[in-house]
Amino acid sequence: MDFEKLRDEMVENQLVSRGITDSRVLHVMRKVPRHLFMDESTWYTAYDDLAFPIGEGQTISQPYMVAIMTELLALKGDEAILEIGTGSGYQTAILAELSKDVYTIERIQALSEKAGEVIKKLGYSNVHLKVGDGTLGWPEAAPFARIVITAGTPETPEPLIEQLSEGGIILAPVGDRFSQQLLKAMKRKGKLSKEYHTPCVFVPLVGKYGWKAD
Ligand code: SAM
(Lines give C-alpha, C1' and ligand atoms only; values in the text may rest on other atoms or scores of the structure.)
Protein backbone atom coordinates (compact mmCIF):
# COMPACT_ATOMS: atom_id res chain seq x y z
CA MET A 1 0.00 0.00 0.00
CA ASP A 2 1.20 3.54 -0.74
CA PHE A 3 0.84 4.93 2.80
CA GLU A 4 2.34 8.31 1.89
CA LYS A 5 -0.30 8.83 -0.79
CA LEU A 6 -3.03 7.66 1.61
CA ARG A 7 -1.82 10.19 4.20
CA ASP A 8 -1.86 13.02 1.65
CA GLU A 9 -5.42 12.08 0.69
CA MET A 10 -6.41 11.86 4.37
CA VAL A 11 -5.08 15.38 4.95
CA GLU A 12 -6.89 16.87 1.94
CA ASN A 13 -10.19 14.98 2.23
CA GLN A 14 -10.63 14.76 6.01
CA LEU A 15 -8.70 17.70 7.47
CA VAL A 16 -8.35 20.59 4.99
CA SER A 17 -11.92 20.05 3.77
CA ARG A 18 -13.19 20.33 7.38
CA GLY A 19 -11.34 23.55 8.11
CA ILE A 20 -7.99 22.55 9.65
CA THR A 21 -5.65 25.36 8.53
CA ASP A 22 -2.54 25.25 10.77
CA SER A 23 0.21 24.36 8.30
CA ARG A 24 2.39 22.74 11.00
CA VAL A 25 -0.47 20.47 12.06
CA LEU A 26 -1.17 19.52 8.43
CA HIS A 27 2.56 18.86 7.88
CA VAL A 28 2.89 16.42 10.79
CA MET A 29 -0.39 14.69 9.92
CA ARG A 30 1.16 14.09 6.45
CA LYS A 31 4.36 12.83 8.07
CA VAL A 32 3.50 10.54 11.02
CA PRO A 33 2.76 6.94 9.97
CA ARG A 34 -0.59 6.27 11.70
CA HIS A 35 -0.63 2.67 10.48
CA LEU A 36 2.39 1.79 12.65
CA PHE A 37 0.30 2.53 15.75
CA MET A 38 -2.22 -0.14 14.69
CA ASP A 39 -2.12 -3.89 14.36
CA GLU A 40 -0.66 -4.90 10.98
CA SER A 41 -3.85 -6.81 10.10
CA THR A 42 -5.76 -3.47 10.21
CA TRP A 43 -3.31 -1.29 8.24
CA TYR A 44 -5.72 -1.27 5.29
CA THR A 45 -8.01 1.05 7.31
CA ALA A 46 -5.31 3.24 8.92
CA TYR A 47 -6.06 6.39 6.87
CA ASP A 48 -9.85 6.06 6.89
CA ASP A 49 -12.04 8.67 8.58
CA LEU A 50 -12.48 6.53 11.70
CA ALA A 51 -11.52 5.86 15.28
CA PHE A 52 -10.49 2.19 15.30
CA PRO A 53 -10.20 -0.54 17.99
CA ILE A 54 -6.65 -1.11 19.30
CA GLY A 55 -7.46 -3.84 21.84
CA GLU A 56 -8.33 -3.70 25.57
CA GLY A 57 -11.67 -2.08 24.58
CA GLN A 58 -9.87 1.14 23.53
CA THR A 59 -9.47 3.06 20.27
CA ILE A 60 -6.99 5.06 18.23
CA SER A 61 -8.63 8.46 17.71
CA GLN A 62 -10.08 9.58 14.36
CA PRO A 63 -7.47 11.57 12.39
CA TYR A 64 -9.72 14.66 12.29
CA MET A 65 -10.10 14.58 16.09
CA VAL A 66 -6.31 14.34 16.53
CA ALA A 67 -5.84 17.25 14.11
CA ILE A 68 -8.44 19.57 15.64
CA MET A 69 -7.21 18.87 19.19
CA THR A 70 -3.64 19.58 18.12
CA GLU A 71 -4.68 22.78 16.31
CA LEU A 72 -6.64 24.00 19.36
CA LEU A 73 -3.53 23.55 21.54
CA ALA A 74 -1.85 26.35 19.51
CA LEU A 75 1.65 24.95 20.02
CA LYS A 76 4.76 27.06 19.45
CA GLY A 77 7.31 24.30 20.04
CA ASP A 78 8.64 25.12 23.51
CA GLU A 79 5.82 23.60 25.58
CA ALA A 80 5.74 20.78 28.12
CA ILE A 81 2.50 18.91 27.41
CA LEU A 82 0.65 16.46 29.63
CA GLU A 83 -1.47 13.94 27.70
CA ILE A 84 -3.97 11.76 29.55
CA GLY A 85 -4.76 8.56 27.61
CA THR A 86 -1.75 7.44 25.57
CA GLY A 87 -3.81 4.76 23.80
CA SER A 88 -1.92 3.75 20.65
CA GLY A 89 0.57 6.62 21.02
CA TYR A 90 -0.45 8.23 17.70
CA GLN A 91 -1.57 11.57 19.17
CA THR A 92 1.51 11.43 21.42
CA ALA A 93 3.77 11.30 18.34
CA ILE A 94 1.93 14.19 16.69
CA LEU A 95 2.38 16.27 19.87
CA ALA A 96 6.04 15.24 20.17
CA GLU A 97 6.65 16.69 16.68
CA LEU A 98 5.31 20.10 17.72
CA SER A 99 6.44 20.63 21.32
CA LYS A 100 9.43 20.33 23.65
CA ASP A 101 8.31 17.46 25.88
CA VAL A 102 5.28 15.20 26.05
CA TYR A 103 4.39 13.50 29.34
CA THR A 104 1.77 10.85 28.61
CA ILE A 105 -0.18 8.67 31.04
CA GLU A 106 -2.12 5.51 30.19
CA ARG A 107 -4.02 3.37 32.71
CA ILE A 108 -3.64 0.11 30.73
CA GLN A 109 -0.08 -1.19 30.93
CA ALA A 110 -0.22 -3.31 27.75
CA LEU A 111 -1.23 -0.27 25.66
CA SER A 112 1.44 1.95 27.21
CA GLU A 113 4.12 -0.67 26.47
CA LYS A 114 3.00 -1.12 22.87
CA ALA A 115 2.83 2.65 22.32
CA GLY A 116 6.28 3.06 23.90
CA GLU A 117 7.79 0.57 21.45
CA VAL A 118 6.45 2.43 18.40
CA ILE A 119 7.44 5.84 19.81
CA LYS A 120 10.97 4.53 20.41
CA LYS A 121 11.18 2.92 16.96
CA LEU A 122 10.21 6.25 15.38
CA GLY A 123 12.98 7.99 17.36
CA TYR A 124 11.04 10.40 19.59
CA SER A 125 13.31 11.17 22.55
CA ASN A 126 11.03 13.84 24.07
CA VAL A 127 8.22 11.46 25.12
CA HIS A 128 7.89 10.32 28.74
CA LEU A 129 5.46 7.45 29.41
CA LYS A 130 3.79 6.48 32.66
CA VAL A 131 1.19 3.86 33.62
CA GLY A 132 -1.45 4.98 36.11
CA ASP A 133 -4.51 7.10 36.75
CA GLY A 134 -4.01 10.21 34.64
CA THR A 135 -6.78 12.09 36.44
CA LEU A 136 -4.21 12.63 39.21
CA GLY A 137 -1.81 14.20 36.73
CA TRP A 138 1.99 14.02 36.96
CA PRO A 139 2.86 16.37 39.87
CA GLU A 140 6.63 15.73 39.72
CA ALA A 141 6.77 17.04 36.13
CA ALA A 142 4.28 19.93 36.56
CA PRO A 143 3.53 22.66 35.64
CA PHE A 144 2.42 22.02 32.06
CA ALA A 145 1.76 24.69 29.42
CA ARG A 146 -0.76 22.37 27.77
CA ILE A 147 -2.86 19.46 29.02
CA VAL A 148 -4.89 17.26 26.71
CA ILE A 149 -7.33 14.58 27.82
CA THR A 150 -8.08 12.03 25.10
CA ALA A 151 -10.94 10.24 26.90
CA GLY A 152 -14.45 11.44 27.76
CA THR A 153 -14.81 13.00 31.21
CA PRO A 154 -17.73 14.34 33.29
CA GLU A 155 -15.62 17.39 34.18
CA THR A 156 -12.06 18.67 34.09
CA PRO A 157 -10.18 16.86 36.90
CA GLU A 158 -9.17 19.29 39.65
CA PRO A 159 -5.52 18.05 39.96
CA LEU A 160 -5.02 18.77 36.25
CA ILE A 161 -6.24 22.36 36.64
CA GLU A 162 -3.73 22.76 39.48
CA GLN A 163 -0.91 21.37 37.31
CA LEU A 164 -1.70 23.71 34.38
CA SER A 165 0.53 26.82 34.07
CA GLU A 166 -0.98 30.28 34.31
CA GLY A 167 -1.96 31.16 30.72
CA GLY A 168 -1.92 27.45 29.83
CA ILE A 169 -4.55 25.59 27.80
CA ILE A 170 -6.40 22.40 28.74
CA LEU A 171 -8.50 20.41 26.27
CA ALA A 172 -11.01 17.77 27.29
CA PRO A 173 -14.01 15.96 25.80
CA VAL A 174 -16.58 16.83 28.49
CA GLY A 175 -20.02 15.25 28.74
CA ASP A 176 -21.66 11.94 29.62
CA ARG A 177 -20.30 8.42 29.05
CA PHE A 178 -21.56 8.26 25.46
CA SER A 179 -21.18 11.74 23.97
CA GLN A 180 -19.16 14.81 24.76
CA GLN A 181 -18.23 18.26 23.52
CA LEU A 182 -14.64 19.33 23.13
CA LEU A 183 -13.82 21.89 25.82
CA LYS A 184 -10.89 24.29 25.42
CA ALA A 185 -10.11 26.24 28.56
CA MET A 186 -7.41 28.76 29.38
CA LYS A 187 -6.18 29.30 32.94
CA ARG A 188 -6.29 32.97 33.97
CA LYS A 189 -5.64 34.01 37.58
CA GLY A 190 -6.19 30.43 38.69
CA LYS A 191 -9.62 30.15 36.98
CA LEU A 192 -10.63 28.55 33.67
CA SER A 193 -12.14 30.62 30.87
CA LYS A 194 -14.01 28.11 28.73
CA GLU A 195 -15.07 27.71 25.12
CA TYR A 196 -16.79 24.69 23.57
CA HIS A 197 -15.95 23.23 20.17
CA THR A 198 -17.00 20.15 18.18
CA PRO A 199 -19.29 17.38 19.53
CA CYS A 200 -17.33 14.13 19.92
CA VAL A 201 -17.47 10.55 21.18
CA PHE A 202 -14.55 9.21 23.24
CA VAL A 203 -14.10 6.13 25.42
CA PRO A 204 -14.53 7.04 29.11
CA LEU A 205 -11.82 8.53 31.30
CA VAL A 206 -11.73 6.02 34.16
CA GLY A 207 -10.19 7.19 37.42
CA LYS A 208 -10.52 9.01 40.72
CA TYR A 209 -11.62 12.28 39.04
CA GLY A 210 -13.28 10.62 36.01
CA TRP A 211 -15.79 7.79 35.67
CA LYS A 212 -15.87 4.72 37.90
CA ALA A 213 -14.66 1.47 36.26
CA ASP A 214 -17.56 -0.82 35.12
N1 SAM B 1 -5.28 9.56 21.41
C2 SAM B 1 -5.13 8.13 21.48
C3 SAM B 1 -4.73 7.56 20.16
O4 SAM B 1 -4.82 8.28 19.14
O5 SAM B 1 -4.38 6.40 20.13
C6 SAM B 1 -6.42 7.48 21.84
C7 SAM B 1 -6.76 7.52 23.23
S8 SAM B 1 -8.13 6.49 23.62
C9 SAM B 1 -9.46 7.30 22.82
C10 SAM B 1 -8.32 6.90 25.34
C11 SAM B 1 -7.31 6.23 26.22
O12 SAM B 1 -7.45 6.77 27.53
C13 SAM B 1 -7.49 4.73 26.35
O14 SAM B 1 -6.32 4.07 25.97
C15 SAM B 1 -7.79 4.53 27.85
O16 SAM B 1 -7.28 3.33 28.39
C17 SAM B 1 -7.11 5.76 28.43
N18 SAM B 1 -7.60 6.15 29.77
C19 SAM B 1 -8.87 6.14 30.25
N20 SAM B 1 -8.88 6.58 31.52
C21 SAM B 1 -7.60 6.91 31.84
C22 SAM B 1 -6.95 7.44 33.00
N23 SAM B 1 -7.63 7.75 34.13
N24 SAM B 1 -5.63 7.63 32.97
C25 SAM B 1 -4.90 7.33 31.87
N26 SAM B 1 -5.45 6.81 30.74
C27 SAM B 1 -6.78 6.63 30.72
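First listed ligand is number 1; within each ligand, the first listed atom is number 1.
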Atom indices of ligand 1 within 4.0 angstrom of Gly134 heavy atoms, with elements = 22 (C), 23 (N), 24 (N), 25 (C)
key: Pair Lys130 + Glu140, salt bridge at N-O below 4.0 Å   = yes
ask   = Does Val203 sit in a hydrophobic cluster with other residues, and if so which ones, taking ILVMFWY side chains as linked at heavy-atom separations under 4.5 Å, directly or through other members?
value = none
query = Which ligand 1 atoms are under 4.0 Å away from a heavy-atom of Leu111?
reply = 14 (O)
inquiry  = I need the nearest protein heavy-atom contact for atom 9 (C) of ligand 1: residue, atom name and distance, please.
reply    = Thr150 O, 3.3 Å
key: Donor-acceptor pair between Thr92 and Glu83 side chains, under 3.5 angstrom   = yes
key: Sequence-distant partners of Tyr103, ring-ring contact (aromatic ring centres under 6.0 Å, His included), two or more places apart   = His128, Trp138, Phe144
inquiry  = Closer than 4.0 Å to some heavy atom of Ile105 - which atoms of ligand 1 meet that?
reply    = 25 (C), 26 (N)
ask   = Counting heavy atoms only, which part of Thr92 comes closer than 4.0 Å to ligand 1: side chain, backbone, both or neither?
value = neither
message = I'd like the name of whichever of Arg107, Glu106, Gln62, Gln58 reaches closest to atom 17 (C) of ligand 1 through any heavy atom.
response = Glu106
remark   = Residue, atom and distance of the protein heavy atom nearest atom 19 (C) of ligand 1 read Pro204 O, 3.5 Å
query = Closest non-hydrogen protein atom to atom 1 (N) of ligand 1, residue and atom name please, with distance?
reply = Ser61 OG, 3.3 Å
ask   = If you count the atoms of ligand 1 from 1 in the order shown, which ones are under 4.0 Å from a heavy atom of Gln91?
value = 1 (N), 4 (O)
Minimal non-hydrogen separation, Arg30 against Arg7, with atom names = O-NE, 2.7 Å
ask   = Between Asp78 and Lys76, is the closest basic N to carboxylate O distance under 4.0 Å?
value = no
request  = Distance to 0.1 Å, residue and atom name: give those for the protein heavy atom nearest to atom 20 (N) of ligand 1.
outcome  = Val206 N, 2.9 Å
query = Does Leu205 approach ligand 1 within less than 4.0 angstrom via side chain, backbone, both or neither, non-hydrogen atoms only?
reply = both
ask   = Looking at Gly132, which atoms of ligand 1 are within less than 4.0 Å of one of its heavy atoms?
value = 24 (N), 25 (C)
task = Could you grab the distance from atom CD1 of Ile119 to atom OG of Ser88, nearest 0.5 Å is fine?
result = 8.5 Å
Between Glu97 and Tyr124, a side-chain donor and acceptor under 3.5 Å = yes
query = When you look for heavy atoms under 4.0 Å from ligand 1, do you find them on the side chain of Ala51, its backbone, both, or neither?
reply = neither
Inter-residue atom distance Leu171.CG - Ile68.CD1, 0.5 Å rounding = 9.5 Å
inquiry  = On a heavy-atom basis, I'd like to know which of Gly207, Ser88, Gly152 is closest to atom 5 (O) of ligand 1.
reply    = Ser88
request  = Just let me know how Ile108 lines up against ligand 1, side chain, backbone, both or neither, with a heavy-atom cut-off below 4.0 Å.
outcome  = side chain
request  = Taking all non-hydrogen atoms of both residues into account, name the closest pair between Met38 and Trp43 and its distance.
outcome  = O-NE1, 3.2 Å
ask   = Would Thr42 and Asp39 count as having a side-chain donor-acceptor pair, cut-off 3.5 Å?
value = no
ask   = Thr86 heavy atoms, cut-off 4.0 Å: which ligand 1 atoms fall inside?
value = 2 (C), 5 (O)
query = Rounded to the nearest 0.5 Å, what separation is found between the CG atom of Leu72 and the CD1 atom of Ile170?
reply = 13.5 Å
task = Return a yes/no value for Phe202: is any of its N or O atoms, backbone included, closer than 3.5 angstrom to an N or O of ligand 1?
result = no
remark   = shortest atom 8 (S) of ligand 1-to-protein heavy-atom contact is with Thr59 O, 3.2 Å
remark   = Of Gly85, Gly57, Ser112, the one whose closest heavy atom lies nearest atom 11 (C) of ligand 1 is Gly85
query = In terms of atom number and element, which parts of ligand 1 are under 4.0 angstrom from non-hydrogen atoms of Gly87?
reply = 5 (O), 14 (O)
